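Here is the structure we will look at, set down as structure tokens.
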Number of protein chains: 2
Amino acid sequence: MPDRGNASLRDVAELAGVSVGTVSHVLNHPERVSEALREKVTAAITELNFVRSGAARQLRQGHSNMVGLVVFDIGNPFYTDAARAIEDTLAASDLALVISSSDAEPHREARVLRTLIEQQVRGVIITPSEGTAALLPMLRERGIPVVLLDSPGDIEGYASVGVDDVAGGAMAVRHLLDRGHRLIAMITGPMSVRQARQRLRGARQAITEAGLDPEKILVPVETEAFTANAGEAAMSLLLERREVPTATFAANDVMMIGAMRSLRRQGVRIPAEMALVGYDDIMVASELITPLSSVHQPMAELGRTAAELLLDPDADERHVVFQPNLVVRASSR
Amino acid sequence: MPDRGNASLRDVAELAGVSVGTVSHVLNHPERVSEALREKVTAAITELNFVRSGAARQLRQGHSNMVGLVVFDIGNPFYTDAARAIEDTLAASDLALVISSSDAEPHREARVLRTLIEQQVRGVIITPSEGTAALLPMLRERGIPVVLLDSPGDIEGYASVGVDDVAGGAMAVRHLLDRGHRLIAMITGPMSVRQARQRLRGARQAITEAGLDPEKILVPVETEAFTANAGEAAMSLLLERREVPTATFAANDVMMIGAMRSLRRQGVRIPAEMALVGYDDIMVASELITPLSSVHQPMAELGRTAAELLLDPDADERHVVFQPNLVVRASSR
DNA sequence: GAGGATTGATGAATCGATTCAATCACGACT
DNA sequence: AGTCGTGATTGAATCGATTCATCAATCCTC
């Protein structure tokens, strides 16, 4: 057995009877090498099963061919959809994607970013948490481009992509207004979360724009978490009101699933007695007993754009905001 | 402003007034350096904001501090749960995780593995697809440890971790038998998929073990895909039978959600007229109108063990198989 | 046919951290 | 006082791909 698997560029050169410079040219600038030599070199490469050392390459070039993606939680389907799109876009430029999750822990986030700097990544795409702003200068100092994901202009001085949560909230409520509802509940989730606040703002805005009074039309119910149980409790509360709303908008589909449980138990018909619109358009939204209308976010486009911004040298501080779109299903029809 | 962010180990040495060797020792073998110098060096490191070059380090050491994880699809929640556990386990050994998805495309998988080899990763954890077996020798040749994920001994000669799908199928059906059901449908999914075959085998086995005849008890229905629509169609078919089963086991929760749609439309009561058990225990299983019993897989343990096997030098060809567990909810109670 | 231009190939210098053999400083012991 | 030993520090060699100045060869043009 030939001693395969550890060949260096020098070994290839020796076998092919050329200089190391030529082998390197075959790999990086094939057009500069005559066909005869090119063939000899490629033959030697296959023969030796040669794979070039990324370390040596990076050391010389000053940067690697990797881009870092740092998300809160890899488990979140939105981020994975975006990640997929990022990966595909980068692949076209021969860049590999390195995914890490920060869990929104500053300590962990710092460690992850440090590793990325050590690897001299070509750029970083990150969904910022509370502590992120303090860490970004580390990257900036080293000339590593940064794009903020799902964070429309949260932090000054960096390019960003995001989805317009105000518009999303507005389009959900506008749809319900259009269908004649005049007392609309909103299950907001925790108001400490930016997305919750902005979706609520959008909801109010839609009502104002229709020439109506948000105070009279909208019944917001804050919950402690974005869970199904929280949604169920919120809906139970709403059904006990003197004047029960005829429609409900939830800032998240999972809470709405809980709310639907409560409705089913009380025998409230959907959408006849209670129309529903959720947010996120999760995979099962269309698979529920009553398929759920929901605000869909273009995560793939978001990812693609984030990657494009990262690669664009003069995108320094551009902010791209995508518009969500409403998917209407039986729950509000 | 000091020119921060590009300092090399030599710059640190200069500022601290010591040799490069000493700085390196401070980083890697602090105990060999006197306290006085150690402090001077650490001061210089902070002053210059020094982060060592991973490339140079790797080049010299012959390997990086990264481990590659290659999955079918990052979007799949199972894999992300496992990924999280892998990441945590590796972090304890100061190893970073690089996640990539192969989409089960051999072409893409080959490219991903090539990148990992270039990076001289310390090991690779991979969920193998059809073409994987042919690619693994590339890693073996280079002495890169490999652990197969979710693939109990599929490929000879490599360590692996997996969940016992036969046992999973068996425990679902055993539960239904225990509750007195004697005509049980199984929505299998495509039989070309190993998981589908093994879960069916488990189902048969449970019936045999109970001293009954699988041919008389079990009604398998193959579908073309693991989707909700496929599940719905399968259930409609079952309901048209002369003798309608009193229980259904689906090889996947999403198909079961479709099946439940069909049942609801026909007014079949769950579990009184039809008991249900799914597989995967997806997040919404507990959030459905009728909470769904489902076979749960210990993905976190799977991930942790995969990482441990990877780091264990004498785990060369060990196979670890986990047992799934049945979560009983209202749909079969 | 000579000079100039073009194309192809070469190999030494380079990137930055690690490591080990060599040197140094200082105290202890004979 | 001199020698030995111990522990701390040094610095040069090393890993492997890239690049650029240099050299060689071939082709055009007048």
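In this text, all values refer to a predicted model and were calculated from it rather than measured experimentally. Numbered from 1 within each chain, the chains take letters A, B, ... in sequence-line order.
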(message) Taking the minimum atom-to-atom distance to the side chain of B:Phe50, which one of D:dA8, D:dA17, C:dA17 wins?
(response) C:dA17
(request) Would you please name every residue forming a side-chain hydrogen bond (donor to acceptor under 3.5 Å, both in side chains) with A:Thr22, sequence neighbours left out? (result) A:Ser19
(request) Indicate, with a heavy-atom threshold strictly under 4.0 Å, whether B:Ser53 touches base, sugar-phosphate, or nothing. (result) sugar-phosphate
(message) One character per nucleotide, please: for nucleotides 10-15 of chain D, 5' to 3', B when the base has a protein heavy atom closer than 4.0 Å, S when only the sugar-phosphate does, - otherwise.
(response) BBBBBB
(message) Does A:Met283, at its CE atom, have more than 12 non-hydrogen atoms belonging to other residues, nucleotides or ligands within less than 6.0 Å?
(response) no
All N/O donor-acceptor pairs, side-chain side in residues 143-150 of chain A, below 3.5 Å, sequence neighbours left out:
unit_1	atom_1	unit_2	atom_2	d
A:Asp150	OD2	A:Tyr79	OH	3.4

(message) Please tell me if A:Arg52 has a side-chain N or O lying less than 4.0 Å from either OP1 or OP2 of D:dT18.
(response) yes
(request) Measure the spacing between CZ of A:Phe72 and CD of A:Glu109 and express it to the nearest 0.5 Å. (result) 8.0 Å
(request) Could you check how far NZ of B:Lys40 sits from C1' of D:dT9, rounded to whole Å? (result) 12 Å
(message) Can you see if the side chain of B:Ser8 gets near the phosphate of C:dG16 - specifically, an N or O under 4.0 Å from OP1 or OP2?
(response) no
(request) Could you tell me the separation between the CD atom of A:Glu118 and the C1' atom of C:dA17, rounded to a whole number of Å? (result) 11 Å
(request) Return the set of residues passing side-chain contact (heavy atoms from CB on, under 4.5 Å) with B:Glu14 (not counting sequence neighbours), or none when no residue passes. (result) B:Arg10
(message) Distance check needed: D:dT19 C1' versus A:Leu27 CG, whole Å only.
(response) 14 Å
For residues 36-45 of chain B, which side-chain N or O atoms pair as donor and acceptor with protein atoms under 3.5 Å away, sequence neighbours left out?
unit_1	atom_1	unit_2	atom_2	d
B:Arg38	NH1	B:Pro30	O	3.4
B:Thr42	OG1	B:Arg38	O	2.3
B:Thr42	OG1	B:Glu39	O	3.3

Protein and nucleotides 22-26 of chain D: nitrogen or oxygen contacts under 3.5 angstrom:
none

(request) Any pair with a residue in residues 52-65 of chain B that passes side-chain hydrogen bond (donor to acceptor under 3.5 Å, both in side chains), sequence neighbours left out, goes on the list, sorted by first then second residue, please. (result) A:Gln119-B:Gln58, B:Asn28-B:Arg52, B:Asn28-B:Arg57, B:His63-B:Arg122, B:Asn65-B:Arg122
(request) Look at the side-chain N and O atoms of B:Arg57 and state whether any lies under 4.0 Å from the OP1 or OP2 oxygen of C:dT18. (result) yes
(message) Using five base pairs at each end to define the local axes, how bent is the helix from C:dG1-D:dC30 to C:dT30-D:dA1, to the nearest 10°?
(response) 50°
(request) Please state how far atom NE2 in A:His29 lies from atom C1' in C:dA9, giving the value in whole angstrom units. (result) 14 Å
(request) Kindly say if B:Asn28 contacts the phosphate of C:dA17, meaning a side-chain N or O under 4.0 Å from OP1 or OP2. (result) no
(message) Just to be sure I understand the rule, does A:Gln58 reach a base, reach only the sugar-phosphate, or reach nothing, if contact means heavy atoms closer than 4.0 Å?
(response) nothing
(request) Rounded to the nearest angstrom, tell me the gap between atom CG in A:Asn65 and atom C1' in D:dA17. (result) 12 Å
(request) Quickly work out the B:His63 NE2 to D:dG16 C1' distance and round it to whole Å. (result) 16 Å
(message) What is the separation between atom CZ on A:Arg32 and atom P on C:dT6, rounded to the nearest whole Å?
(response) 16 Å
(request) Grab the CD-P distance between A:Gln61 and D:dC20 for me, whole Å please. (result) 11 Å
(request) Please name all residues satisfying side-chain contact (heavy atoms from CB on, under 4.5 Å) with B:His29, sequence neighbours left out, ordered by chain then number. (result) B:His25, B:Glu31, B:Arg32
(request) Could you check whether A:Val23 gets within reach of a base, just the sugar-phosphate, or nothing at all, counting any heavy atom under 4.0 Å? (result) nothing
(request) Could you pull out the closest heavy-atom pair between B:Leu48 and B:Ala7, with the gap in Å? (result) CB-CB, 3.8 Å
Would you mind writing out the side-chain donor-acceptor pairs for residues 298-312 of chain B within the sub-3.5 Å range, not counting sequence neighbours?
unit_1	atom_1	unit_2	atom_2	d
B:Arg304	NH1	B:Glu308	OE2	3.4
B:Thr305	OG1	B:Glu301	O	2.7
B:Asp312	OD1	B:Asp314	N	3.0
B:Asp312	OD2	B:Arg318	NH1	3.3

(request) Mind checking side-chain contact (heavy atoms from CB on, under 4.5 Å) for A:Arg114 and listing every partner two or more places apart, or none if nothing turns up? (result) A:Glu118, B:Val51
(request) Would you indicate what B:Ser34 reaches in the nucleic acid, counting non-hydrogen atoms under 4.0 angstrom: base, sugar-phosphate, or nothing? (result) sugar-phosphate
(message) Applying side-chain hydrogen bond (donor to acceptor under 3.5 Å, both in side chains) as the test, list every pair that has at least one member in residues 91-101 of chain B; sequence neighbours left out.
(response) A:Glu87-B:Ser101
